[in-house]
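So the structure is just underneath, and the comments pick up after that.
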Amino acid sequence: KNKLNYDFYDTNLTFIYKHSDSDQLSISALYSNDGLKTENSVNKLMINTLWDNLATVASWSHRGDISHKMTISASQYTNNMSLEMPHWAYKMPTNLLQIGIKEDVEFLLNEKWTLCAGGAYEFTRVREYDNHTQYPLYNNTSESRLYTQATYHINDQWQIAAGAKATYY
């Protein structure tokens with residue numbers, strides 16, 4: 001007979017400071033937790049998986065003929081997985097850290113045309129543990145993105161947009 005339990009919860013908090021009609025700063029934090037546990041009574045196999053995520057985002061935006069939005073983010077993600085039988089156990093903890101920065105700029109050319117451009121950079125570090133040596137194993141990656149988009153406002157109800165994005169890993 002198999003038994004399965006799953007639970008999930010998250011909490012978040014956001015502070016927004018409106019400096020003026022066109023300038024705003026926001027800071028957000030999120031914490032989430034998932035848990036999955038399964039047990040097989042025939043072979044006594046238990047699988048436990050716990051996930052935690054802590055994310056923070058800071059964003060500043062300015063609205064006008066030229067609008068800017070800059071976002072800085074950081075996320076710490078943890079996964080603890082274990083497989084257990086009566087005389088055997090395997091544990092696999094993993095940590096993932098992501099740090100990113102993004103800038104978006106929007107130009108209002110006239111009442112019909114808007115141009116947008118932006119870029120982003122994200123760094124990721126994954127740390128896993130080797131079950132035999134108990135030493136951490138690291139894997140670092142980075143990603144860079146650039147994009148542009150043009151929007152034509154046909155009328156108050158319709159608009160058409162076309163764009164391109166390039167990503168480098």
Side-chain angles (χ1 to χ4, degrees), residues 4 6-36 47-81 92-130 136-169:
L4 177 68
Y6 178 74
D7 61 82
F8 168 80
Y9 74 89
D10 68 4
T11 56
N12 61 66
L13 181 64
T14 301
F15 294 100
I16 298 172
Y17 172 69
K18 193 171 182 179
H19 180 69
S20 67
D21 288 341
S22 57
D23 293 293
Q24 178 175 297
L25 172 69
S26 68
I27 300 172
S28 301
L30 165 80
Y31 175 75
S32 65
N33 180 280
D34 291 71
L36 174 66
I47 301 172
N48 292 309
T49 305
L50 300 171
W51 298 274
D52 290 307
N53 185 23
L54 178 61
T56 56
V57 176
S59 179
W60 172 74
S61 60
H62 171 78
R63 289 278 171 216
D65 288 343
I66 300 176
S67 299
H68 301 273
K69 183 174 184 180
M70 177 179 276
T71 305
I72 299 171
S73 62
S75 182
Q76 175 71 41
Y77 183 82
T78 304
N79 180 358
N80 290 304
M81 179 183 226
M92 187 174 60
T94 303
N95 290 325
L96 184 135
L97 172 67
Q98 287 183 316
I99 299 171
I101 187 167
K102 181 180 176 189
E103 171 70 21
D104 299 304
V105 180
E106 184 178 274
F107 304 93
L108 300 173
L109 298 179
N110 56 41
E111 67 276 352
K112 292 288 187 182
W113 285 98
T114 303
L115 293 179
C116 300
Y121 175 80
E122 189 172 85
F123 171 80
T124 302
R125 169 175 268 190
V126 178
R127 181 179 70 187
E128 299 175 300
Y129 285 93
D130 185 312
L137 306 170
Y138 292 97
N139 182 15
N140 296 331
T141 62
S142 63
E143 177 182 324
S144 301
R145 296 182 300 278
L146 293 173
Y147 81 91
T148 185
Q149 177 177 298
T151 303
Y152 180 74
H153 303 271
I154 299 168
N155 57 38
D156 289 343
Q157 296 174 324
W158 290 91
Q159 55 186 317
I160 187 168
K165 179 173 81 169
T167 303
Y168 174 76
Y169 296 96

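The shown structure was predicted, so the numbers you read here are calculated from the model rather than taken from an experiment.
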Under the salt bridge (Lys or Arg N to Asp or Glu O under 4.0 Å) rule, what pairs show up with a residue in residues 145-165, not counting sequence neighbours?
Glu143-Arg145
What is the distance from atom NZ of Lys18 to atom CG of Leu25, rounded to the nearest 0.5 Å?
13.5 Å
Measuring from atom CD1 of Ile101 to atom CD of Glu122, what distance do you get when rounded to the nearest 0.5 angstrom?
12.0 Å
Separation between CG of Asn33 and CG of Asp7, rounded to the nearest 0.5 Å:
6.5 Å
Do Gln98 and Ser73 make a side-chain contact, defined as non-hydrogen atoms from C-beta onward lying under 4.5 Å apart?
no
Leu96 side chain reached by Thr124 side chain, heavy atoms, under 4.5 Å:
yes
When Asp52, Asp10, Thr11 are each screened for side-chain hydrogen bond (donor to acceptor under 3.5 Å, both in side chains) with Tyr31, the one that passes is Asp52
Which heavy atom of Gly119 sits nearest a heavy atom of Leu146, and at what distance?
CA-CD2, 4.0 Å
Whether His62 and His68 hold their rings parallel, tilted or perpendicular, with breakpoints at 30° and 60°
tilted
CZ of Phe8: more than 12 outside heavy atoms within 6.0 angstrom?
yes
Quick check: are there more than 12 heavy atoms from other residues, nucleotides or ligands sitting under 6.0 Å from OH of Tyr169?
no
Can you check whether Asp23 reaches Trp60 side chain to side chain, under 4.5 Å on heavy atoms?
yes
Can you tell me how far OH of Tyr9 sits from OG of Ser32, rounded to the nearest 0.5 angstrom?
9.0 Å
Side chains of Val57 and Thr14, heavy atoms from C-beta outward: is any pair under 4.5 Å?
no
Could you tabulate the donor-acceptor pairs under 3.5 Å formed by side-chain atoms of residues 104-113, not counting sequence neighbours?
| unit_1 | atom_1 | unit_2 | atom_2 | d |
| --- | --- | --- | --- | --- |
| Asp104 | OD1 | Tyr147 | OH | 2.8 |
| Asn110 | OD1 | Lys112 | N | 2.7 |
| Asn110 | OD1 | Trp113 | N | 2.9 |
| Lys112 | NZ | His153 | O | 3.4 |
| Lys112 | NZ | Ile154 | O | 2.9 |

Please give me the minimum heavy-atom distance between Gly35 and Trp51, naming the atom from each residue.
N-CE3, 4.4 Å
Gap separating the CG atom of Leu13 from the OG atom of Ser28, nearest 0.5 angstrom:
8.0 Å
Using a 4.5 Å cut-off on heavy atoms from C-beta on, say whether the side chain of Leu4 contacts that of Leu36.
yes
Ignoring hydrogens and geometry, is there a side-chain-to-backbone donor-acceptor pair from Thr148 to Cys116 under 3.5 Å?
yes
Quick check: closest heavy atoms across Gln157 and Asn155, and the distance to 0.1 Å?
N-OD1, 2.8 Å
Distance in Å, Thr71 OG1 paired with Lys102 NZ, rounded so as to fall on 0.5 Å steps
6.5 Å
Show the numbers, then the answer: is there a side chain to side chain donor-acceptor pair (under 3.5 Å) between Asn79 and Thr49?
CA-CA 7 Å; Asn79 180 358; Thr49 305; 5.3 Å; no
